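Data block below; observations after.
Quick caveat, the model's predicted, so the values are computed rather than measured. Ligands are counted one by one from 1 in listed order, and the atoms in each one are counted from 1 as well.
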Amino acid sequence: MINKKRMLKTFLELVQIDSESRKEKKVADYIIKKIAKYKLPYKFDKSKKKTGSEIGNLIIYKKFSSKNKTIVLSSHMDTVVPGLGIKPIIKKNHIQSDENTILGADDKSGLAIILEIIETFAEKKIPHLNIEAAITTCEEIGLLGAKFLDYKLLKSKSGIVLDSTSPDRLVVKGPSSDYFTITVTGIEAHSGINPEKGISSIKVSAEIINKIKTGKIFKDTTLNIGKIKGGSAINIVPGKTEIQCEIRSHREKIINNILNKIKTDLMKIEKKYKKINKGFMITMKKERIYDSIDIPKNEMIIQRIIAAAKKNNFKTLPVETGGGADANFFVKNGINTVNLGTGMREFHTKKEKLILKEFYKAAEIVFDTLVDI
Ligand SMILES: [Zn+2]
């Protein structure tokens, strides 16, 4: 039903608009111009004050009838780096970049699908569920757009985020994520004259890092020590070192248990060095990045997507993920949101691709999910 040629053209145009995180305005301008002829109501929320983006999240309303249910469709406008001057190359079965940049299929494939669906429904008089298209900013820098979205602008109770790999995957379950930073405050001293007066925060950090289990701790739990920075000069016993870590789990209790165990270990180490010098200190700061999602399999939106896939001779199955997406924040705000793949592959790399067959299939599936007969 959708116009594949037009959707591909939209995609190719979108990826050629630079939109690294916080610089999404040109993409929003393109979208508004593209759908201007349908005279659909739209709004920007005020999230830019909090996200630091040029613009707020864009919400476009495509209503059919007040009697119908309303569904959120969502994808994000921003890309990761290097995302400037993208030159899409059309191959037989896929689109790729010239490998000097990413492609930006993450998430402009989702945007192109949403636009195509809005345009198709606007042109054909097919009954459909009311659509609230929530086009977000700053997804790639901690889901900031979705985090600060003004949810009062949405009345949907279900949603589809289009921001994953293959449309045979429907993400219905995902972990919570916490960032935590351990700061070791050692004692600075001259490394050549009186090193014995110092306590090296780097050496103590090594002790701490050795105690923290990383990688896949359980089937549904991962921990990563992602960044470490410390020291001020080569000839100074380092005074301060920061260890930045992330933990993800489908089970909240496990996150608490692991973090408590780490805290206990830190206290022991702190006690040991405080005996040598009272100025020694270890602190730990935790920040919730997103909450887990777990949408029940009998949920209306899942049932509709599976049925729509079947209609298109395709098999879409509910799956779990280890990652997070804007969907996590929609769920937190009471909208049962799943994440459907769009055909993107190897995203966040210069080898990023969009598999055309899957791209078209994803659009047909979402379209049929929304058709209301
Ligand atoms: Zn994405």
Side-chain angles (χ1 to χ4, degrees), residues 7 10-11 14-24 26-28 30-31 47 51 53 55 57-58 72-84 86 88 94-97 101-116 133-149 159-175 177 246 248 289-291 293 319-332 335 337-355 358-359 362-363 366:
M7 184 167 77
T10 305
F11 173 75
L14 277 169
V15 297
Q16 289 177 78
I17 305 171
D18 294 346
S19 65
E20 289 178 357
S21 299
R22 294 201 169 100
K23 301 208 175 77
E24 297 93 346
K26 278 194 223 139
V27 173
Y30 169 91
I31 293 172
S47 58
T51 60
S53 169
I55 48 158
N57 297 298
L58 166 63
V72 166
L73 291 185
S74 180
S75 57
H76 60 90
M77 291 182 269
D78 62 318
T79 71
V80 290
V81 296
L84 303 181
I86 294 171
H94 72 269
I95 311 285
Q96 63 178 69
S97 76
T101 64
I102 53 149
L103 173 63
D106 174 13
D107 192 20
K108 283 162 179 174
S109 54
L111 278 183
I113 290 173
I114 293 175
L115 287 174
E116 181 54 38
I135 314 294
T136 61
T137 63
C138 301
E139 194 269 352
E140 301 289 4
I141 48 172
L143 318 175
L144 290 184
K147 183 175 182 178
F148 295 116
L149 193 138
I160 308 170
V161 164
L162 292 157
D163 192 11
S164 181
T165 53
S166 163
D168 63 10
R169 284 169 57 82
L170 183 65
V171 175
V172 301
K173 196 167 188 284
S177 163
E246 183 211 41
R248 297 183 190 203
I289 303 303
Y290 49 78
D291 289 323
I293 58 170
V319 294
E320 288 183 18
T321 177
D326 281 349
N328 293 65
F329 277 102
F330 287 100
V331 171
K332 191 179 180 180
I335 305 170
T337 308
V338 291
N339 188 352
L340 183 70
T342 64
M344 64 171 94
R345 289 290 192 288
E346 294 182 71
F347 50 98
H348 297 195
T349 77
K350 292 177 189 173
K351 291 204 160 24
E352 187 182 3
K353 282 183 193 67
L354 179 68
I355 314 287
E358 294 185 2
F359 177 49
V366 179

M344 versus D107, closest heavy-atom pair with distance:
CE-OD1, 3.6 Å
Any side-chain donor paired with an acceptor under 3.5 Å for S53 and E24?
yes
Tell me, which N, O or S atom in H76 is closest to the Zn ion (ligand 1)?
NE2
Between the Zn ion (ligand 1) and D106, which N, O or S atom of the residue is the nearest one?
OD1
Centre-to-centre under 6.0 Å for F359 and F11, is that the case here?
yes
Examine all N, O or S atoms of D163, backbone included, and report whether one is under 2.8 Å from the Zn ion (ligand 1).
yes
Let me see the working for R22 and I141 under side chain to side chain contact (heavy atoms under 4.5 Å, CB included), right down to the final yes or no.
CA-CA 9 Å; R22 294 201 169 100; I141 48 172; 3.6 Å; yes
